[in-house]
Structure formats: structure tokens, C-alpha cells
Asker: 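Take a look at this one; I'll ask things after.
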Amino acid sequence: MKRRMISLGILMVVLGCLVSITVTHAAAAGIPGDDDGNNLLTEFELAGNLLNYLQGEGDLELTDLRDAAHVFVYWNGAPRTITDTADRTVAIYRPVRTIVVLSSDSARAIRILGDEEKVIGVSDTVQKFPFYFPVMSQRPVVGTWREVDWETVVTLEPDMVIAPPTGTVNVNVAADKLKGFDITVVGFYLYITADYDQVFEELEELALFLEKEDRAEDFIAWHDDYLEQVEEFVADREQPRVFLTYTSGAIGKTSDISSYGPGTTLYQVAVKAGGRPITENATTGYPKVNAEWVLQENPDKMVMICGNVFGWWDTTTEPADLLQQLLAGKSWGTLNATVNNQIYAVPWSVTNGLEHTYGIVLLARLFYPELPIEPGDVSQEFLEEFLRVEYPEGEGKVLAYSDSTVLRT
Amino acid sequence: MTRNRSVSEKVTTSDEIRTYYKRFIARKLLFMALLIILIGLIAGVATTLGSYQISVTEVYTIIWHGLFHEPETTKELVVWNLRLPSIVMGILAGIGLAIAGTTMQSVVRNPLASPYTLGIASAAGFGAALAIILGRGFAAGQYLIIANAFIFAVLSAFIIYGLSRYRGATPETMILAGIALMYLFSAMTGILQYFGEQTAVAEVVFWMFGSLGRATWDKLLFVFIILAICIPLLMLKSWDLNTLSAGDESAKSLGVNVDQTRVLCFILASIMTAGVICFTGTIGFIGLVAPHMCRLVIGGDNRYLIPASGFLGAVILLAADTVARRILAPTILPVGLLTSFLGVPLFLYLILRRKREYW
């Protein structure tokens, strides 16, 4: 009994020592120079702080005074506040100078807004695509979608971290980990979700924080213009029935037939492009179907998104191989899509966040070959005007592939 | 057997028996003391390792200062809010999982028993998958995955308990019920994964690898409370667990309520497992192997085996997490994989070096 009590005692002491302390810490945030702390910088407060600085007094440094003046002049002396996609109220009290992005979708959005110079840390996906992110891909990697080294984030001292609202590394995790470090954490998907308009609202909110509202407006107007053109064109035409699928991985393993149900990104893009997915009655987002069911439905078009590329393939080898794997052993020879050579391989990136405008036009062109918009032109505009990277015009890169048709740059 | 014979041959007087017993006990206590020191050493090193540049002396000054003041500076926040929660979670999770494994092995008298082979982890995994893929569960927001994993793990334990009550709490019933549930929950997780979005499925897989990076002080408090309730109760039952190893009949003849002991210990071990893995994900290996490693060194007396396994579990998990965080920094490897990479060679070495049957 005595020894048992001793063992117990040792254990309790060790455990007790380990968790005897809880830590809470409040971040010191606020508008610089807002002396009364009411989140409203008045002319009197700003002038007082400027005079103090000129006299060599006061706590504020020159950077603080610049920020204070900026907030007073451009923000009417008040913080900028938004509700992010995770339904969190987020406020900034001074201009954002440095950002860490935890997804390539947010990196793309920042590039569209023209603020990539502010990005000082990225997720590993951004580093893997230097063509898309020539500046940001050179920045330090802070982690992956699975795990983030929060100490690296803290070391970089960003003003803001943009994290996805859900997922393993989500905005709540980030906010929890960065509590007390005076880093603003904001949650945005910045790609198409079940609510199609959400991505544009996110872009506008991000633009408000980065003071790039005009850039966001330009992009949204550009998107709306193409969407309108496509919608007008397809409005009175018979909608093709389309089957949407994807490979299980970059190597084109197609052991099962996965498709897209309502609310998923490719489904939304296909519907906007004037297609009528044969999975419209699916009750799950990613239904698995068999070859017989596809035969029964007899789609007019088939689109497989696949490959581990952004934008295009250099040659037709990979998409041709992936299509061959998709069709092997399926007995789909009598399908309308097969008979009319309407089975296409398209890169994954047509659904990537904010690049989907090009995706809509590309799919619309595949669904309606007579559509008078060149997908390559849209891709070129997106890349050159919004991502500011050189489009490989005339290099023959493969945008979409079927056995009879190859869309190239 | 050989050892016992040689002991009885050597030991003749009661004084010698007492002296031998004291040495015998001292060896176990020494082993535990060494493990505690090892935990301290690894934790001491782990606190000094990280991407943020803080010198060793600064780290210890910060820890000392933080005992009496709230952290304010960036360095203080890094040490107290980023490093220490993972380290303390490593210790608590290691202790909890290893003790749960030890208890389950004793309860069902089976060396292969662990929170995983008895379906607890599969149930937690299903709960997490339900939250990640379908976004449904028993809570909202950031607690959805945690609550789902915990509730399904506990539910699994109570299903086994219910079956045991119906058919009698024999080791066979519990093992077979546990394995059946493991397959059931694995299959249900498989269905969710089959229909899930690729990124969500990848998240489930990653959750199942386990990670200490999700630790915060709030979560640690919850884990600590669960361990602080369950471990003392298990320790109080440690002698009864010893009698179970001699067989149910022998235990009953010594006045032990076999069914009650078995069920109570199983439920406590399950709650402890659920309380840990709902925060860390299903970190494998510790609950299965730490008890065996300790048995090889100090024998099967649960009064010492339970705490010793806990300390060894903490050592393995803490060491694995430290390596996982630093070996490819800033990329962090899943700690659940590292525990196997570090622990299996040591386990195999001990098995090959053993001089007697230990189970």
C-alpha cells in the first residue's frame, strides 16, 4: 500500500508540475496614436503625437506616425473591419505591410491584387510553382497544408496571416497558435465553393484590407464580362449532358470513376459553362459511379481533369495516356461522347481559385465548339494582366486534349 | 522459471529474502527514476529547439520567469505558447496512451491488446472523419473534430462494455467485440473516405497519423484532468490487475471481483485513450509497445509497470516529436510515424536480448 501510494505520488507530482500553469495573453493592438483607446484617431490625437515626436518626446516612432497619418487620412481615423469566411470579425488598425499565405489560392489572390511584394512567407505549394508565383516562390516556406511551423511564421513577423477557414491548418488553429503575437489572422478560401459568389466577396474583403479595391473591381469586372458572354451564348442552345470526372492522382490512376456532384467546384464551373452534369441528382459532392451507369446516362461530353500541372501540358503524352487509362475496360465505345470524340482531358488548374474564369470559357468552348471566344486568349489575359507572367503564346502548350482535338496556346 | 529456481536456491533466510525483495523493488524504482530524468532531459533539449532564434540560457530564463509572470515578449510567447504546449502534450499523451495499453493488455491478458486493436482508435478515427468529410458531429467550429473523436471512442468502449455485460466480461468477449468494432469503424471510415473530396480524405489520413502540433494550454488542461482522474483509479486497481494475470479463478479466490475490475479498468483506459487521441489524432505504437518494453526490464507487476510504461511512453513520444519537428524543419513529419521508426528498433533489440519469458 505504501509503495503504491509513493508511485501514485510520483506520478501526480510529475503531472502536476507539467500543467500547473495556464497562459493567457492579450495582443496589444490598436491604432497608433489613439491615446484614449476608443478606436477612433482624432485630429487632436494625431497632432499631439506629431508635436511630441518633433519635440523628441512621446512613445511613437516615425513608422507609427506614418501609419497614424495614413489611418487618419485614408480610413477616417477608424480601423478597417471585416467578417471573414470563418465568420470571425477581424480588424486591422494600421496598413498591412507583410503577409504570410498558407495556401496557393490566397497567394494567387494577392498577386491579382498586385501586392505580392508584401508576402514574406508561403506554403510549400507556392514554392513549387515559380512560373505562377515568380516573387512569392522565392519566399521562405512556413509549412504545408498539413502542418505549419508556427515559430517560422513568428520569426518572419508578418502583420497578417491568411489561412483557409477549414482544413487541417485552418484559421482557428492559426489564431490559436498566434495569439498574443500581434499578428492579424484572417480566414478566406479564395476559390470556388458551393456559394459561387463567395470567392468574389472574399477578394473584395481582402482588397479592403490591402487597400487594393480598384484591382479587385477590375478583376471582378473582367470575370463578369466573360461570364456574361458565355451565359448569353449558351442561353438559347440545347445544353449538352456532360460527365465530369478526375483522376485519383497525378500519375493517372483511374481505378474507380469519381465524379462531381452539385456544389463542388468543377460542377459549378461546368454549369456556368452551359453544361448539364449527369450527376445533377447526386446526393454527395464526389459520387463514385460505375461504367454501366455512365453507359445508361449516355453523356454527350466527358471532361476529365487531371495531371499535376498548372495551366497546360508541354506535350500531349500525359493527357493521352490518362485518357487511355480512363477508357480502358469501360466498354464506352457506343457513348455519344465517344462516338463524337468529345472526351477531354483538362488540367486540374481550370478550377484553381480565381483562375476559374478561364476554366468556364474553356469548358464552354468544349461544350459549344462554335463559341466565339478563344480560351487561350482568356488564359493570356488572366496571366498577363492579373498574374503579370508571360503567356507562352505560340509555343503549342496543350490546354485541353481529346483524341481528335487539341486546344493549344 | 530458471531465475526463480536460482533465487530460491540462493535465498534461505527471511533477512535475505527481505534484502532481495528490497533490491528487486529498488531496481524498478531506479528504472522509473531514470525514465523521469530522461523525460526531463529530452524536454529540456526540446524547449531549446525551434525555428525562432532563442539561446539556451534565454529559454530557461523565460521558463523560470513565466512561472511567475504572464509571457509578454515574442520570445516568451514562442517558448510558452508554441514550444511548451507540444512538449507537455507529448509527455501527457505518451503517459496516457502507454498506461491505457498496459491496462488493456492486463485486462484481456493478451500481449497484442492496445487502444488500437480494441477498436477505440478506429472509432475516434471515424468520428474525426465524419467531422472532416461531412462536417457533422456533436459540436461546432474548432471543437467538432475533437468532440466527435472523443464521443465515438467512448461510445466504442461502452459498446464493448455492453456486450461484455451481456455475455460476461471475459477477455475473449472483449477482444472479439473490440476487433469487430475496429473493423466496423474502419469500414465506416472507408465509406466516408470513398465518397469524400480528395483534400478532405487527405486530411483524415493526416489526422490518423497523429500530431502534437495541435496542442494548446486549454486542451492540455482537459487531457490533464482526464489523466489525473483515471490514472490514480487504475493504480488503485493495479494489484487486482496482477491477480487477473493468474487467471479468473485464482483472482476470484483472492476476493477480487473479476468482472467489475475488468470492466472498470477497460472503461478507464478507454476514456484516457479517447481524451488523448481526440486532441492528437491516432498516434499508434506507444500503447502497444511501451508496456512490453517495460515488462522486459522490470517484469509484469502492474503496481510498477503502469507508471513505468507511462514514463517510457512519454520518453518515446517526446523524443519522436522532437525529431519529427526538427529533422526537416520547417517541414514537420507526422509524429505517429516517427514513434514507430524510433521505437521498433529499440523494441526488437530488447526482444532479441531478452533472457527470459516476460509475458
Side-chain angles (χ1 to χ4, degrees), chain A residues 1 3-8 10-12 14-16 18-26 28 86-87 124 140-155 157 166-173 175-182 246 248-249 256 258 264 284-288, chain B residues 25 29 32 36 39 50-53 66-67 70-72 74 77-78 80-83 88 91-92 95 132 135 141-142 194-200 202-203 206-207 211 213-214 216-218 220-221 223-224 227-228 231-232 235-236 238-239 303-304 306-307 310-311 325 329-332 334:
Chain A
M1 189 64 184
R3 289 194 183 89
R4 200 186 306 173
M5 294 310 293
I6 290 170
S7 308
L8 203 63
I10 291 170
L11 200 63
M12 294 311 296
V14 171
L15 290 175
L18 293 173
V19 190
S20 57
I21 294 146
T22 55
V23 177
T24 53
H25 188 87
D87 212 20
D124 65 332
V141 172
V142 299
T144 66
W145 63 270
R146 296 179 298 268
E147 286 260 29
V148 167
D149 184 346
W150 298 108
E151 280 193 41
T152 302
V153 175
V154 171
T155 305
E157 297 181 359
T166 56
T168 305
V169 177
N170 62 54
V171 67
N172 289 314
V173 171
D176 235 7
K177 290 290 179 186
L178 299 175
K179 193 163 55 182
F181 288 105
D182 202 12
Y246 61 97
S248 305
D256 47 35
S258 311
T264 55
T284 61
Y286 299 87
K288 300 286 190 289
Chain B
I25 297 302
L29 293 176
M32 281 194 273
I36 292 170
I39 291 171
S51 303
Y52 200 93
Q53 293 299 312
L67 293 172
E70 282 199 358
E72 287 172 353
T74 301
L77 287 162
V78 165
W80 274 95
N81 286 5
L82 296 182
R83 291 187 190 174
V88 178
I91 295 170
L92 293 182
I95 289 173
I132 294 168
Q142 57 179 316
Y194 189 70
F195 289 107
E197 185 196 355
Q198 279 188 327
T199 51
E203 272 179 48
F206 178 67
W207 189 89
S211 168
R214 302 160 195 153
T216 61
W217 289 109
D218 295 341
L220 284 167
L221 189 64
V223 177
F224 174 72
L227 297 192
I231 294 175
M235 288 301 294
L236 290 172
S238 59
W239 182 252
R303 294 172 302 164
Y304 302 99
I306 288 175
F311 295 140
R325 290 193 168 277
T331 300
I332 298 164

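We name chains A, B, ... by the order of the sequence lines, and we start the count at 1 in each one.
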Asker: Checking heavy atoms, do the side chain of A200(B), its backbone, both or neither come under 4.5 Å from chain A?
Answerer: neither

Asker: Tell me, for V169(A) versus chain B, whether the close heavy atoms (under 4.5 Å) come from the side chain, the backbone, both or neither.
Answerer: neither

Asker: Please report the shortest heavy-atom distance between S51(B) and T152(A), naming the atom on each side.
Answerer: OG-OG1, 3.0 Å

Asker: Which heavy atom of F206(B) sits nearest a heavy atom of R146(A), and at what distance?
Answerer: CE2-O, 3.2 Å

Asker: Select, from V142(A), V154(A), L178(A), the one with the greatest count of heavy-atom pairs under 4.5 Å involving chain B.
Answerer: V154(A)

Asker: If I compare all heavy atoms of L77(B) with all of K179(A), which pair ends up nearest, and what's the gap?
Answerer: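 Distance-wise, the nearest heavy atoms are CD2-O, 4.3 Å.
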
Asker: Is there a side-chain contact between F181(A) and L82(B), using heavy atoms and a 4.5 Å cut-off?
Answerer: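 Side chain of F181(A) against side chain of L82(B), heavy atoms only: contact under 4.5 Å found.
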
Asker: Give a yes or no on whether the backbone of G213(B) and the side-chain of K177(A) come within a donor-acceptor separation of less than 3.5 Å.
Answerer: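 Yes, K177(A) side chain to G213(B) backbone: donor-acceptor pair under 3.5 Å.
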
Asker: Looking at P287(A), G167(A), G285(A), which makes the most heavy-atom pairs under 4.5 Å with chain B?
Answerer: G167(A)

Asker: Calculate, to the nearest 0.5 Å, the distance between atoms CG and CZ belonging to D149(A) and R325(B) respectively.
Answerer: 7.5 Å

Asker: Looking only at non-hydrogen atoms, find the nearest pair between G196(B) and K288(A) and report the distance.
Answerer: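 Scanning both residues, the minimum pair turns out to be O-NZ, 4.4 Å.
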
Asker: Kindly give the heavy-atom pair with the smallest separation between E157(A) and Y52(B), and that separation in Å.
Answerer: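 Scanning both residues completely, I find the closest heavy atoms to be OE2-OH, 4.3 Å.
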
Asker: By a 4.5 Å heavy-atom criterion (distance strictly below it), what part of V173(A) contacts chain B: side chain, backbone, both, or neither?
Answerer: neither

Asker: So which heavy atom on E203(B) is nearest to which on T168(A), and how close?
Answerer: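 E203(B) and T168(A) have their closest heavy atoms at CG-OG1, 3.0 Å.
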
